[in-house]
Amino acid sequence: MAQTFSKTITELYVVNSYDSKSTVIHKVIWSYIITDDVTDTERHIDCETELSIDGISNFTNYSSLKETDIIAWVEACLTTDEDAKYKTELTRKINILNGGTSIKKFPWS
């Protein structure tokens with residue numbers, strides 16, 4: 001079973017003007033995704049990352065940004081423990097899905 005992890009950006013919060021810069025991203029809403037290519041299933045966790053915008057030295061204009069840029073910022077903010085926690089939860093979720101789920105009547109009914 002080949003399971004892969006990925007991230008996608010779902011929403012950006014910006015400050016219109018900050019420290020003589022315009023359209024400065026300060027919060028990123030993103031999804032951490034696990035995909036199982038054998039069962040063709042996918043699960044995700046929605047996450048939020050606050051970015052430090054004080055003293056930005058390497059500023060990129062909003063119109064020039066790519067999703068990979070934002071994902072790199074998110075990954076730089078994630079600790080190893082947080083990343084491992086997300087991956088563990090995603091693996092648990094997809095393993096439950098792949099095991100087949102259903103709603104059953106109570107066995108004592």
Side-chain angles (χ1 to χ4, degrees):
M1 177 165 36
Q3 295 177 341
T4 57
F5 296 94
S6 61
K7 297 173 186 77
T8 189
I9 305 303
T10 58
E11 198 167 22
L12 298 172
Y13 288 78
V14 302
V15 178
N16 295 328
S17 179
Y18 188 83
D19 197 23
S20 74
K21 297 169 181 70
S22 62
T23 319
V24 179
I25 299 169
H26 72 94
K27 183 167 49 173
V28 179
I29 309 299
W30 55 281
S31 291
Y32 210 150
I33 304 161
I34 187 170
T35 305
D36 187 317
D37 66 354
V38 173
T39 59
D40 195 30
T41 54
E42 179 179 289
R43 281 289 178 251
H44 73 276
I45 296 174
D46 294 323
C47 307
E48 178 180 305
T49 299
E50 294 264 349
L51 301 174
S52 174
I53 61 173
D54 291 325
I56 299 171
S57 60
N58 198 7
F59 184 75
T60 304
N61 286 326
Y62 188 84
S63 61
S64 299
L65 289 170
K66 297 178 180 77
E67 184 177 30
T68 54
D69 298 326
I70 312 299
I71 290 171
W73 297 346
V74 165
E75 289 176 343
C77 292
L78 277 178
T79 67
T80 303
D81 288 343
E82 288 171 324
D83 191 60
K85 184 179 98 177
Y86 286 138
K87 285 180 176 178
T88 298
E89 179 61 14
L90 285 165
T91 301
R92 184 190 73 76
K93 284 182 171 209
I94 205 154
N95 288 342
I96 288 170
L97 179 68
N98 289 343
T101 62
S102 61
I103 298 173
K104 297 260 187 192
K105 291 183 180 183
F106 296 128
W108 57 87
S109 299

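Along the sequence shown, the residues carry numbers beginning at 1.
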Here the gap from Asp46 atom CG to Ile33 atom CD1, rounded to the nearest 0.5 Å, amounts to 9.0 Å
Kindly indicate, with the supporting measurements, whether the criterion side chain to side chain contact (heavy atoms under 4.5 Å, CB included) is fulfilled by Leu12 and Leu65. CA-CA 12 Å; Leu12 298 172; Leu65 289 170; 5.9 Å; no
How far does NZ of Lys21 sit from CG of Asn61, to the nearest 0.5 angstrom? 10.5 Å
Looking at Asp81 and Lys85, is there a salt bridge between them, counting it only when a charged N and a carboxylate O are closer than 4.0 Å? no
What ring-ring contact (aromatic ring centres under 6.0 Å, His included) pairs are there with at least one residue in residues 90-109, not counting sequence neighbours? Phe106-Trp108
Look at the side chain of Asn95 and the backbone N and O of Arg92, then say whether any donor-acceptor pair between them is shorter than 3.5 Å. no
Does the side chain of Ile45 come within less than 4.5 Å of Glu89's, by heavy atoms? yes
Any non-hydrogen side-chain atom of Asp37 less than 4.5 Å from a side-chain atom of Thr4? no
Using every non-hydrogen atom in the two residues, find where His26 and Val14 come nearest and quote the distance to one decimal. CD2-C, 3.7 Å
Looking at every heavy atom in both Ser6 and Tyr32, which two are closest together, and how far apart are they? O-CD2, 3.4 Å
Atom CD in Glu48, atom OG1 in Thr10: separation rounded to 0.5 Å? 10.0 Å
In this structure, CD1 of Ile56 is separated from OH of Tyr18 (nearest 0.5 Å) by 8.0 Å
What's the spacing between Asn16 CG and Tyr62 OH if we round to 0.5 Å? 10.5 Å
Could you state the interatomic distance from OG1 (Thr49) to CD (Glu75), rounded to the nearest 0.5 Å? 10.0 Å
Show the nearest heavy-atom pair for residues Leu51 and Cys77, with the distance to one decimal. CD2-SG, 3.9 Å
On a heavy-atom basis, which atom in Thr91 and which in Gln3 lie closest, and how many Å separate them? CG2-OE1, 4.0 Å
Could you see if Ile34 belongs to whatever hydrophobic cluster contains Ile71? Use Ile, Leu, Val, Met, Phe, Trp, Tyr and a side-chain cutoff under 4.5 Å. yes
ILVMFWY cluster, Val15 and Phe59 together (side-chain gap under 4.5 Å): yes
Indicate if Leu90 and Val74 have the same hydrophobic cluster label, given that clusters are the connected sets of ILVMFWY residues with side-chain heavy-atom separations under 4.5 angstrom. yes
Answer with yes or no whether the hydrophobic clustering places Tyr13 together with Ile9; edges join I, L, V, M, F, W, Y residues whose side-chain heavy atoms lie under 4.5 Å apart. no
Might you point out which heavy atoms bring Leu78 and Lys7 nearest each other, and give the distance in Å? CD1-CE, 3.9 Å
Establish, from distance only, whether the side-chain atoms of Asn98 and Thr41 form a donor-acceptor pair under 3.5 Å. yes
Linking I/L/V/M/F/W/Y whenever their side-chain heavy atoms sit closer than 4.5 Å, directly or via other members, would Trp73 and Val24 fall into one cluster? no
